[in-house]
Every structure is written in C-alpha cells, then in structure tokens.
Amino acid sequence: MPSCRIRARRRSCIGTDISTPTVDILWKKQDCEIAVNSIETKSEHFGGIGMRIGRDAYELAELAERWHLSAADIRSLVGRGVLKLSVRIVAQPACLSFEERTEENEPFWVPAEHKVFSGLGDLAHRDAFQLVRGGEVRITHVLLPDPGLVTLRNEDGIRLGYGDLLVRSDHADQLQREVIGAPVKEAEAFDYRLFVYGDAEFAFTTPQARALEFMLRQTQAGAPDQHYTEILNAVGSSCQRLSSLFSRKPYWTRLLKKTVGQRGWYHLDPDFVVWRLTSS
C-alpha cells in the first residue's frame with residue numbers, strides 16, 4: 001500500500017500556544033497509520049500511613065508537610081523550575097501529539113491520536129506557578145515525559161485547585177537527594193488495622209484501614225467531606241455501601257460521621273483527627 005503524504009500545522013489539533021514556533025511539517029504516514037508508544041510511569045513504594053502502597057506520584061501537600069516546606073518555599077521552588085508539578089487527568093477527550101524536530105533542530109508537535117486520556121500529566125511552568133500562587137488555574141494541555149503533549153478537546157479546559165497537585169515519584173526521589181536531603185518516608189508509620197483510641201480498641205481489615213487512611217489524607221488536603229463512592233473507589237472495594245465495607249465493625253461510626261445535609265457524604269470525627277495528628 002503506498003505511503004500517505006500529509007501536510008499539517010502544529011496547531012491543527014492543538015489549538016493553544018505552547019511557546020514553540022508554528023512550522024509547516026511534512027511527514028510520511030506509513031500505511032496511513034501512526035504508531036503511538038505507550039507511556040509508562042515508574043511506581044515506587046511510598047511510606048503511607050500504616051501500609052505500603054505502590055504509587056506513581058505523591059500529593060504535594062503530603063510532601064510539603066514531610067519536608068517542612070512553607071507556601072513561600074513552594075512558590076520559590078516552582079518559580080525557579082526546581083519543583084515540577086503534575087496532575088492526574090481522568091477520562092478526558094484529548095489529542096495526543098509527540099515532538100519532532102526540523103533540520104534546524106527546532107521542536108514542533110506532530111498530532112498522533114485522538115482518544116479519551118487518563119493518566120499523569122505534567123503542568124507547563126506557567127500553569128504550575130499560577131496555581132501555587134493563586135490557588136487555582138484552568139488548563140488546556142499537559143505534557144508527557146516522552147516528550148509528548150496532551151491537548152484537552154474541551155475548549156474551556158479543566159479547572160484545577162491546590163489539592164490536585166502531584167509530584168511524580170521519580171522527581172520526588174531526585175528532590176530528596178539533591179534539594180531536601182531527607183528520605184521520603186513516614187518517620188512513624190501508623191497502623192489503622194489495630195489501635196487504641198479513647199477507651200476502646202479498634203481492629204480493621206486492610207481495606208477498612210485504607211479507607212480511614214484515605215479520609216485523613218483528604219482532611220489534611222482541605223477536603224474532609226467525601227462521598228461514599230469516592231471512599232470505596234479509593235480502596236478498590238466492590239461494595240455498594242460504606243456500611244458493607246465496614247460490616248461486622250459497628251464501631252466504625254465512631255470514626256466516620258455522616259455529613260449533615262449532604263446525603264452519602266462522610267467525614268472523620270474531628271476529635272479523632274486531632275488525636276491522630278497529635279499522637280506519636
């Protein structure tokens with residue numbers, strides 16, 4: 001089958017200025033198909049509260065707490081390009097493009113595939129700094145390590161808040177070696193599967209313990225109220241109700257409280273949160 005010759009411009013499916021020059025490109029599309037390489041991210045074991053969970057990225061809020069970084073520190077690191085931030089995109093229609101170079105070694109983006117994209121994407125420097133400075137930003141594209149570009153097909157993009165910010169695990173490892181100088185791990189791992197709180201002993205299964213761990217992380221990130229479906233999804237449970245997840249553990253309602261006026265939403269008991277964050 002003869003090769004197809006296609007002339008295109010970098011903005012043909014991108015529709016946003018990525019600060020690289022717009023150039024006419026001419027490439028061969030063998031058999032009229034473009035192969036797209038899959039993007040793989042390295043998953044490291046991070047010292048979560050009470051258990052080890054393979055993760056491809058850490059939340060910025062948890063790293064800031066562990067590394068004792070102030071908001072000013074984070075703005076400085078991001079502004080200088082030392083700290084690179086990522087976000088997780090979930091089920092967004094997008095155009096995937098990959099970088100090519102001209103004979104003069106000028107970079108340009110080659111549109112490769114339209115698909116529903118889910119995965120980690122890196123924020124452009126400008127977007128990352130705007131988010132840590134102002135608390136929110138609306139983005140229309142993210143970058144991939146290959147390098148690649150994911151352009152969201154929603155013209156309005158998506159709005160991100162501070163709680164959406166992530167740091168890739170390999171980048172966090174690099175920062176700890178070269179900038180922070182401290183290992184990325186919990187000094188004291190708390191085990192939610194068995195502990196004594198108040199006048200009672202609590203024993204939970206691993207999925208139940210992960211639900212409590214998830215709720216504490218969300219509370220620390222500024223989102224203490226979570227819908228029960230988010231909790232179940234976070235622990236990979238097939239249960240249809242939160243009470244089913246905590247079956248045969250009637251005392252779980254001492255720790256997880258229903259949010260008044262919001263059906264299906266829960267939050268950790270405030271006294272338990274204070275105890276958990278101040279206990280050794």
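Basis for what follows: all heavy atoms, side chains included, without hydrogens, waters or symmetry-related copies.
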Just by distance, no angles: are the side chains of [X] and [Y] close enough, under 3.5 Å, to form a donor-acceptor pair?
X	Y	value
T151	H141	no
S76	R80	yes
S169	D56	no
E65	Q220	yes

Sidechain N-carboxylate O distance under 4.0 Å for D127, R138: no
Closest heavy-atom pair and its distance - [X], [Y]:
X	Y	answer
T140	G157	CG2-CA, 4.2 Å
W109	L143	CZ2-CD2, 4.4 Å
A172	V167	N-CG1, 3.9 Å
D269	R254	CB-O, 3.6 Å
Q176	W67	CB-CZ2, 4.1 Å
V273	L216	CG1-CD1, 4.2 Å

In Å, rounded to the nearest 0.5 Å, how long is the span from [atom1] of [X] to [atom2] of [Y]?
X	Y	atom1	atom2	value
F98	L96	CZ	CG	5.0 Å
M215	E230	CE	CD	10.5 Å
R88	E59	CZ	CD	9.5 Å

Side-chain heavy-atom pair I158, L160 within 4.5 angstrom cut-off: yes
Residue pair F202 / R193, side-chain heavy-atom distance below 4.5 Å: no
H227 and Y266: CA distance, side-chain angles, deciding distance, side-chain contact (heavy atoms from CB on, under 4.5 Å) verdict: CA-CA 6 Å; H227 195 263; Y266 291 82; over 6 Å; no
From F272, F204, Y197, residue fulfilling ring pair (Phe, Tyr, Trp, His ring centres under 6.0 Å) relative to Y251: F204
